[in-house]
4 protein chains.
Amino acid sequence: MLSFENDYSEGAHPRILQKLMQTNMQQEPGYGEDSFTAQAKAKIKSAIDNPNASVHFLQGGTQTNQIVIDALLKPYEGVITPDKGHINVHEAGAIEYTGHKLLALPTVNGKLTAAEVRKYLETFYDDDHHDFMVFPGMVYISFPTEYGLLYSKQELTDLHQVCQAYKIPLFIDGARLGYGLMSDEADISFKELAQLCDVFYIGGTKTGALCGEAVVFTSDNEPKHFVTIVKQHGALLAKGRLIGIQFLELFSDNLYFELSKHADEMAKIVKQGFLKKGYRPYLASATNQQFFIVEDTKIAALAKKVKFARWLRYDDTHSVIRFSTCWATTEDSVKELLTLI
Amino acid sequence: MLSFENDYSEGAHPRILQKLMQTNMQQEPGYGEDSFTAQAKAKIKSAIDNPNASVHFLQGGTQTNQIVIDALLKPYEGVITPDKGHINVHEAGAIEYTGHKLLALPTVNGKLTAAEVRKYLETFYDDDHHDFMVFPGMVYISFPTEYGLLYSKQELTDLHQVCQAYKIPLFIDGARLGYGLMSDEADISFKELAQLCDVFYIGGTKTGALCGEAVVFTSDNEPKHFVTIVKQHGALLAKGRLIGIQFLELFSDNLYFELSKHADEMAKIVKQGFLKKGYRPYLASATNQQFFIVEDTKIAALAKKVKFARWLRYDDTHSVIRFSTCWATTEDSVKELLTLI
Amino acid sequence: MLSFENDYSEGAHPRILQKLMQTNMQQEPGYGEDSFTAQAKAKIKSAIDNPNASVHFLQGGTQTNQIVIDALLKPYEGVITPDKGHINVHEAGAIEYTGHKLLALPTVNGKLTAAEVRKYLETFYDDDHHDFMVFPGMVYISFPTEYGLLYSKQELTDLHQVCQAYKIPLFIDGARLGYGLMSDEADISFKELAQLCDVFYIGGTKTGALCGEAVVFTSDNEPKHFVTIVKQHGALLAKGRLIGIQFLELFSDNLYFELSKHADEMAKIVKQGFLKKGYRPYLASATNQQFFIVEDTKIAALAKKVKFARWLRYDDTHSVIRFSTCWATTEDSVKELLTLI
Amino acid sequence: MLSFENDYSEGAHPRILQKLMQTNMQQEPGYGEDSFTAQAKAKIKSAIDNPNASVHFLQGGTQTNQIVIDALLKPYEGVITPDKGHINVHEAGAIEYTGHKLLALPTVNGKLTAAEVRKYLETFYDDDHHDFMVFPGMVYISFPTEYGLLYSKQELTDLHQVCQAYKIPLFIDGARLGYGLMSDEADISFKELAQLCDVFYIGGTKTGALCGEAVVFTSDNEPKHFVTIVKQHGALLAKGRLIGIQFLELFSDNLYFELSKHADEMAKIVKQGFLKKGYRPYLASATNQQFFIVEDTKIAALAKKVKFARWLRYDDTHSVIRFSTCWATTEDSVKELLTLI
């Protein structure tokens with residue numbers, strides 16, 4: 001059955017598999033000390049034009065969020081997050097497992113504003129009892145958000161300024177970073193985004209890799225003994241080359257962004273087709289995930305024809321469903337989808 | 001200066017100190033195996049008419065919340081709490097420190113309703129993705145709440161029924177339990193409250209003891225090797241008698257409830273006096289803590305004459321302040337207070 | 001330069017890469033719900049002739065040890081391990097990170113005996129103070145050990161009996177399981193090993209996979225909500241197929257054991273060649289890792305000609321070095337090695 | 001029955017109770033901000049002649065070890081401890097619960113030597129794989145040890161020098177500090193001991209207090225936001241005065257050391273009496289705890305006449321038993337004991 005269920009239904013982009021084949025018998029040191037990993041790191045640092053950045057490869061998004069946040073926070077600190085942030089909803093308490101509270105701020109659409117963060121920080125430090133509360137030690141946002149929304153350059157600039165004023169890092173979860181940056185509505189470049197935060201990660205899993213996320217510390221802020229911390233969290237691959245090779249390929253010939261762009265374009269056609277047929281969008285996503293508010297009876301009917309994700313209950317008779325595109329989505333499949341709805 | 005800052009400004013009720021003096025040279029085993037602790041446990045079980053209950057003494061409220069919650073939850077579970085719950089605000093992340101997420105539900109006045117809890121649980125189990133979310137493993141409420149409000153017998157019955165339907169324990173934080181039970185507005189007895197939850201604690205620190213809280217597991221649900229768990233959390237006193245003796249005295253001749261009642265009566269006079277002078281109550285507390293919304297300029301003036309607690313900012317020009325009574329509050333001091341405001 | 005540094009220097013066995021290529025565009029559900037994972041699980045359960053076993057795939061050895069141990073232990077329990085156990089030495093404290101103490105028993109050669117374990121358990125429960133100690137909740141061993149030694153069928157039977165007598169699981173770390181089972185000196189089959197423990201894992205990373213370990217719970221003892229626990233530890237791959245496909249291939253046509261056997265045979269030639277030239281073995285390994293006690297000056301000379309691992313200092317003038325073979329080791333490379341030493 | 005079971009069988013020294021009585025109705029701020037706590041801190045800083053020291057009061061020994069170690073270590077660090085160290089044996093895994101490994105060094109008599117520590121540290125940093133191991137971040141010793149032995153001034157000086165060379169703190173567990181310092185065999189003063197470590201604690205519980213230990217950071221090394229950390233661990237007493245008052249009294253008129261001296265003198269008489277009757281000492285303790293190797297049949301007979309602690313099995317027919325004295329031990333009771341053995 002036709003599937004738009006998510007952006008990780010296929011294996012990897014063929015070029016990645018080819019690169020794995022081609023390099024397969026080359027003997028390399030383990031644990032991220034291999035030459036491919038070194039080259040991939042250099043490519044990424046070059047792409048953001050920041051030779052002082054430090055890059056590390058991990059396997060998945062939850063793992064990356066868990067390790068970055070745990071490694072950067074002091075034990076008595078928590079992380080400010082939009083209430084709809086992935087770490088606050090769908091990561092099984094992975095952050096709290098490491099001892100840190102999520103300081104979830106209510107949002108309308110899943111986006112944090114600089115003003116809200118500033119107010120939270122001001123109120124916190126103004127409180128006579130704040131020594132008995134969890135210190136805000138970081139701000140976490142996703143770009144794009146879990147519902148495909150973008151932060152503008154100005155919004156990121158403002159958020160970063162608040163963080164700098166309070167000397168806490170801004171962390172951008174980029175599980176779908178490429179889809180955000182290549183969106184028609186993005187007004188910010190990869191390099192600019194890297195300058196407007198202290199740490200972010202580049203999602204590989206959801207953009208054509210078999211697995212792998214690239215963490216980038218941009219502010220001379222790599223935690224001391226980070227490799228040991230990664231090992232302690234059970235997240236250091238013996239064959240680090242597996243992820244190094246994939247990112248090396250993704251950052252060769254602009255592949256990562258080309259794949260992202262393709263998916264965004266496919267999603268745009270999906271979106272327009274749905275809108276044309278009168279579907280009601282949940283939030284105005286301009287990326288590879290499109291969310292619609294649909295009647296439950298209609299959802300049941302649709303589900304017989306195509307795969308998609310049931311996202312959340314909207315009201316007693318409607319739910320929000322999600323259609324995702326990815327590097328592997330073809331124009332033909334999108335056309336077929338539009339005939340089915 | 002006259003102080004109504006909190007309910008733990010003095011030492012202990014004189015009868016407690018006398019009991020400590022009188023028993024001082026008696027040699028007893030350590031770690032809660034002493035005869036006083038045994039007697040105190042028996043008194044409490046008798047007071048709730050539940051010989052199968054199990055009672056343990058700990059030192060303070062945050063410690064008690066931390067250990068009870070950590071000991072009863074599975075590692076992948078979190079605790080449902082009102083957003084204003086003490087564990088969610090003023091305990092420095094002590095629950096998350098043990099790896100558990102707080103599932104904070106928004107409330108208007110800090111009270112959870114059975115309907116809200118049921119809806120949360122239904123929505124959770126209805127969610128296709130709930131395996132990637134934190135399982136709700138307990139409901140936590142405070143009686144009285146952090147702002148002095150009470151749950152009625154019906155409200156507790158309803159909450160307990162929801163918990164039983166989902167097979168999760170209901171835990172009542174009783175840091176100020178006596179003040180709640182002895183309030184004019186309480187419609188529930190100590191014994192009834194004990195029947196309507198699975199675990200609760202009786203606050204000693206804020207009701208006349210030097211320190212100490214009594215945890216009561218009411219449903220044959222004492223966690224296995226609980227003493228080892230307490231030791232592992234650094235909370236097992238060598239001289240367990242210190243708390244055993246205090247609770248033995250508090251539960252002799254109804255002292256615990258007499259002290260609570262006295263404080264509530266003093267608070268009532270405070271409340272009436274303030275209302276009469278036009279002060280605006282924050283929430284309609286019927287216990288030993290009274291909260292008022294007061295102009296900041298007025299607060300500054302008051303602060304020169306009497307001690308109270310600044311609780312939270314209400315709006316740009318007003319804050320909420322708290323006046324507490326306790327066993328040691330005299331009618332004279334209350335009268336003096338009312339002349340000062 | 002010729003390298004015998006470890007058993008994870010190359011990529012994956014070509015058949016695995018081919019399978020990844022061949023299945024690449026097939027759309028599959030995420031998070032281990034794909035059809036390849038299902039097939040791989042069935043293959044493994046069939047290989048141990050235990051339809052009730054439950055199998056889960058994780059990425060690496062430290063991660064697997066961490067999650068299995070944390071998921072099976074109660075919070076107040078620790079794990080009995082030989083002092084030289086991998087979890088006690090080279091995993092950066094990953095077990096303690098989850099709150100559990102390692103109860104390390106001194107060993108001569110890194111192997112635990114049933115008698116030692118029994119004595120430890122007897123002494124523990126005989127101790128008046130054992131409520132203030134960490135309860136032994138599991139026994140951990142590696143097969144083969146970190147130095148390539150094997151447990152005989154009788155030794156495993158005895159260990160398992162002690163564990164059963166005390167109702168604690170026996171966990172076998174099988175990071176190099178195949179190399180142990182296919183050793184000339186092994187007197188136990190895969191199926192028998194699976195019957196003589198409660199949980200074990202099959203190492204993929206060190207036996208021809210890009211990554212991946214297969215955890216097998218053999219005693220109807222899969223921890224409740226294990227997938228949530230895995231997610232909480234940041235260890236649930238979105239593209240679970242990556243490991244499912246690899247194990248499906250490894251357990252087709254006996255590939256896993258063929259690769260292991262090949263490596264053991266290569267190691268045997270290495271061993272004989274070294275012994276012939278008068279090298280002193282550290283321990284009598286019959287698996288793919290061979291350890292020798294060599295003078296430091298000689299080590300420095302060797303290191304110019306071939307790569308190997310410096311393992312530990314033996315005395316002031318000698319160290320222990322390790323030569324590893326794997327699926328990719330050729331007879332030619334072994335011959336070349338023997339000319340260099 | 002006559003009891004020498006431990007040094008915490010009675011309540012508190014009468015002067016402490018009197019002070020609690022006398023100060024009882026004085027209203028004071030909570031959470032350690034009271035005037036008694038301030039005075040007690042000043043007394044301790046004065047006693048060690050270190051105005052820059054910082055002092056905090058906690059409730060018990062395990063709690064203090066847990067918090068001090070957790071607060072000073074980085075997440076990837078562990079603590080070097082003698083194998084017989086209290087934290088390694090009788091604290092229910094309280095340190096591992098906070099995520100830190102104990103790096104237990106084998107000892108003959110429970111004492112660490114500077115040479116052993118230096119060798120451990122050298123070997124660690126010499127190891128090619130040390131990034132995958134737990135970094136040694138602190139040295140923990142007890143003064144006196146769990147078996148009543150002392151470190152000489154020279155031994156402490158040497159240990160401290162090693163720690164300083166490796167820039168890790170030396171932490172002295174002083175649960176029975178006074179008994180050590182006042183021993184006939186001690187060659188070091190309180191002030192000198194405080195200069196030869198980076199953090200230590202003064203045990204109150206075992207030296208006449210109802211509860212309470214005083215942590216002293218001597219090297220301008222109080223962890224940032226230490227009060228929040230204490231709260232997060234559930235260890236901040238609302239009525240901090242309870243411990244402040246006790247230490248204020250203990251450090252008035254040299255009471256703490258007088259009580260310790262008395263107990264040591266009583267223990268000396270015990271020791272001499274036992275030796276005279278042919279009892280075999282386990283280790284040559286010169287403090288308030290005396291350990292003897294006694295036949296099991298004899299132990300059973302003794303147990304009918306006097307209380308003592310059964311410590312450990314020595315061999316098939318002998319065990320080690322312990323007799324403790326304390327501030328409350330009278331010369332008459334010691335004489336009576338000697339008639340019973």
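Throughout, protein chains are lettered first and strands after them, A, B, ... in sequence-line order, and every chain is numbered starting at 1. All heavy atoms count here, side chains included; hydrogens, waters and symmetry mates do not.
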Is the backbone of C:A12 close enough, under 3.5 Å, to the side chain of A:N24 for a donor and an acceptor to pair up by distance? yes

Is the closest side-chain heavy-atom distance between A:E10 and C:Q27 below 4.5 Å? yes

Please flag which part of A:L210 lies under 4.5 Å from any non-hydrogen atom of chain C: side chain, backbone, both or neither. both

Please determine whether the number of non-hydrogen atoms from other residues, nucleotides or ligands lying under 6.0 Å from atom CD of C:Q26 exceeds 12. yes

Counting heavy-atom pairs under 4.5 Å with chain C, the top scorer among A:E5, A:M21, A:Q18, A:H13 is A:M21

Regarding C:Y31 and A:N6, do their side chains bring together a donor and an acceptor under 3.5 Å, going by distance alone? no

I need the C:T23 OG1 to A:L17 CG distance, nearest 0.5 Å. 8.5 Å

Donor-acceptor under 3.5 Å (C:K239 side chain, A:Y8 main chain): no

Turns out that what part of C:T98 lies under 4.5 Å from chain A's heavy atoms comes down to both

Separation between OG1 of A:T228 and CD of C:E91, rounded to the nearest 0.5 Å: 13.5 Å

Could you give the distance from OG1 (A:T62) to NZ (C:K231), rounded to the nearest 0.5 Å? 3.0 Å

Separation between CZ of C:R241 and OG of A:S9, rounded to the nearest 0.5 Å: 8.0 Å

Testing the basics here: between A:H233 and C:Q66, what is the closest heavy-atom pair and its distance to 0.1 Å? O-OE1, 3.4 Å

If you look at every heavy atom in A:A328 and C:M25, which pair is closest and at what distance? CB-CE, 3.9 Å

Where does C:L242 contact chain A at under 4.5 Å (heavy atoms): side chain, backbone, both or neither? side chain

